[in-house]
Novice: 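This structure is in structure tokens; I'll ask about it shortly.
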Amino acid sequence: MQNFEFYNPTRILFGKGMIARLDEQLSPEARVLVLYGGASAERSGTLAEVRAALGNRTFREFGGIEANPTYETLMKAVALVREEKLDFLLAVGGGSVMDGTKFVAAAVPYEGEPWDILVSKGKAATKALPLGTVVTLPATGSEMNCLSVISRQSTGDKLLFSNPLVYPRFSVLDPMRTMSLPMKQVINGVVDSFVHVMEQYMTYPVDGMAQDRFSEGLLSSLVEIGPRIVATPDDYDLRSNLMWVATLALNGLIGAGVPHDWSTHMIGHEITAKYHIDHARTLAIVFPALIKVRRAEKRAKLLQYATRVWNLTDGTEDQRIDAAIRKTEEFFEGLGVPTRLSAYEIGAEGINDLVGQLEDHGMTHLGENGDVTLDVSRKILEAAA
Ligand SMILES: NC(=O)c1ccc[n+]([C@@H]2O[C@H](COP(=O)([O-])OP(=O)(O)OC[C@H]3O[C@@H](n4cnc5c(N)ncnc54)[C@H](O)[C@@H]3O)[C@@H](O)[C@H]2O)c1
Ligand SMILES: CCCCCCO
């Protein structure tokens, strides 16, 4: 097991009706901005529940944070917070609203050009406003981590930053608030969570016994939840399990002391930036291709995954690896999520453009050993054609 430091300060309030406990998480004098995305926050009744929970407290609201949140929109929220001297940010939404709120939290006190926070991958931020979240879409785990992905319309960038200052102070996870989700977004959550686990698991063995079994448990849970939640979308217990699995998939626990990959995500971000394909759906394209191209480097964990998650114990090692990769593709495709670039009519020219974007964004050495060079990224994209 590798050395690690684990820190996660986020309080989780989980379950039906927990939004009612919002106000007690806030200091009496907090000057709150509620941030949200599109009409769904209103239509689903979640905003009404949040407003009721905030009772007599005065607060402001900022709506319109897009899916794949943009710097341009978020800077309007920064201006509002500065002008009205607000001092607590409450995100009500999915990963886009939570990530956008984390950026606003870091940008408000920042004295330079806030985009520097992204360019520096978060290092430039030395202060941040406190924030909390009310989660409406289980997928990213943003509710319990210090990561944020922000796009810039003017340049077509989609970059990640992380900084411990933007951990939410608390997050409310009420599975009932996800019932209004289109099934497509529920499925996105299953896929995003699955690949989050893989980025921290499908690397090479370091005898992380607890981390491996924890990750395999999350993967097996998602393999079970996926088809079942499509068949019985109103099942509260399935929604509860998806919500908690999604949070655990990227809150630092399974990733402590083990090598990480993240090249699937970095390549996926470029696909979203260029083609505006849902984040999770880019991962379903890249990940199966990546384990095909990098099966030698990932051989030991692929065999472990085959046995422990898919119960594949017969045949030669290569037959078991082939079967595990096939099962993974079938899992995504079975949820109606394509695993090929051709499903989105992205061809050779698009692959060239994506490799160029990776180079422009300095993504020239990805993966657990930095050996996912541009050539390897190209091979992965070609294997996904
Ligand atoms: N911070 C992280 O750890 C992390 C990890 C992975 C991805 N991301 C980023 O998160 C973003 C994706 O977030 P996401 O997958 O949660 O989707 P999202 O937040 O972009 O939401 C997708 C759509 O669903 C709508 N929606 C949200 N909740 C709803 C509800 N309850 N009912 C009806 N509609 C609802 C939103 O308004 C939006 O239109 C991407 O930008 C991705 O890069 C962040
Ligand atoms: C290093 C963690 C990268 C998380 C990417 C989320 O889209």
Side-chain angles (χ1 to χ4, degrees), residues 35 37 64-79 91 93-108 110-125 128 139-140 142 145-163 165-166 188 192 195-196 199 250 260-283 285-286 341 344 346 349-367 370 372-374 376-378 380-381 384:
L35 299 96
I65 296 178
E66 314 89 337
N68 302 301
T70 68
Y71 175 73
E72 288 83 355
T73 297
L74 296 167
M75 284 306 290
K76 294 172 187 167
V78 171
S96 290
V97 175
M98 291 189 277
D99 284 9
T101 300
K102 290 174 180 178
F103 171 74
V104 173
V108 166
Y110 188 70
E111 292 173 7
E113 163 52 54
W115 186 250
D116 291 347
I117 295 169
L118 275 300
V119 173
S120 68
K121 296 184 170 58
K123 292 184 181 63
T140 63
S142 189
N145 69 38
C146 63
L147 308 168
S148 169
V149 185
I150 303 298
S151 300
R152 190 168 195 175
Q153 279 172 323
S154 61
T155 59
D157 290 335
K158 182 177 172 71
L159 301 181
L160 162 83
F161 83 90
S162 68
N163 188 307
L165 294 168
V166 299
N188 281 355
D192 201 10
V195 180
H196 286 158
E199 300 275 28
L250 197 47
H260 294 203
D261 186 331
W262 294 109
S263 45
T264 294
H265 267 72
M266 295 305 113
I267 296 169
H269 285 169
E270 300 305 335
I271 299 173
T272 296
K274 180 173 177 61
Y275 295 104
H276 307 294
I277 296 168
D278 287 355
H279 166 71
R281 290 170 187 254
T282 70
L283 308 178
I285 296 166
V286 177
L341 287 168
Y344 300 93
I346 299 170
E349 188 180 339
I351 290 174
N352 282 333
D353 292 347
L354 290 167
V355 174
Q357 277 179 220
L358 284 165
E359 185 169 23
D360 293 346
H361 292 145
M363 305 291 178
T364 58
H365 291 81
L366 301 171
V372 179
T373 60
L374 291 176
V376 177
S377 292
R378 178 183 296 279
I380 292 166
L381 287 164

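Computation of the quantities below employed the complete heavy-atom set of this structure, encompassing side-chain atoms and omitting hydrogens, waters and symmetry-equivalent molecules.
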Novice: Looking at L250, is its backbone amide N or carbonyl O close enough to the side chain of N145 to form a donor-acceptor pair, meaning the two atoms are under 3.5 Å apart?
Specialist: yes
Novice: Under a 4.5 Å cut-off applied to non-hydrogen side-chain atoms, are I271 and L341 in contact?
Specialist: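 I271 vs L341: side chains touch.
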Novice: Can you establish whether the number of heavy atoms outside E113 located under 6.0 Å from its atom CD is more than 12?
Specialist: yes
Novice: Would you please classify the geometry between the W262 ring and the H196 ring as parallel, tilted or perpendicular, with 30° and 60° separating the classes?
Specialist: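 Answer is tilted, since the angle falls between 30° and 60°.
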Novice: What are the two closest non-hydrogen atoms of L358 and E270, and how far apart are they?
Specialist: CD2-CG, 3.6 Å
Novice: Report yes or no: does D157 contribute a side-chain atom to a donor-acceptor pair with the main-chain N or O of R152 at less than 3.5 Å?
Specialist: no
Novice: Determine the minimum heavy-atom distance between A91 and T101, stating which atoms define it.
Specialist: CB-OG1, 3.3 Å
Novice: Taking all non-hydrogen atoms of both residues into account, name the closest pair between V286 and I267 and its distance.
Specialist: CG2-CG2, 3.8 Å
Novice: Can you give me the closest heavy-atom contact between S96 and N68, atom names plus distance?
Specialist: OG-N, 2.8 Å
Novice: Applying salt bridge (charged side-chain N to carboxylate O under 4.0 Å, His left out), name anything that partners D353, two or more places apart in sequence or on another chain.
Specialist: K274
Novice: How far apart are the closest heavy atoms of C146 and V166, and which atoms are they?
Specialist: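 For C146 and V166, the tightest heavy-atom pair comes out as O-CG2, 3.6 Å.
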Novice: Could you list the residues that satisfy ring pair (Phe, Tyr, Trp, His ring centres under 6.0 Å) with Y110, not counting sequence neighbours?
Specialist: none
Novice: Do S142 and D99 meet the criterion of a side-chain donor-acceptor pair at a distance under 3.5 Å?
Specialist: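 Result is yes, a qualifying pair exists.
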Novice: Give a yes or no answer on whether the side chain of T272 reaches the backbone of I277 with a donor-acceptor pair at less than 3.5 Å.
Specialist: yes
Novice: Compare all side-chain heavy atoms of L366 with those of S377 and state whether any distance is below 4.5 angstrom.
Specialist: yes
Novice: State, to 0.1 Å, how close V104 and A77 come at their nearest heavy-atom pair, and which atoms those are.
Specialist: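 That would be CG2-CB, 3.9 Å.
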Novice: The criterion is side-chain hydrogen bond (donor to acceptor under 3.5 Å, both in side chains); which residues satisfy it with H279, sequence neighbours excluded?
Specialist: D192, H265
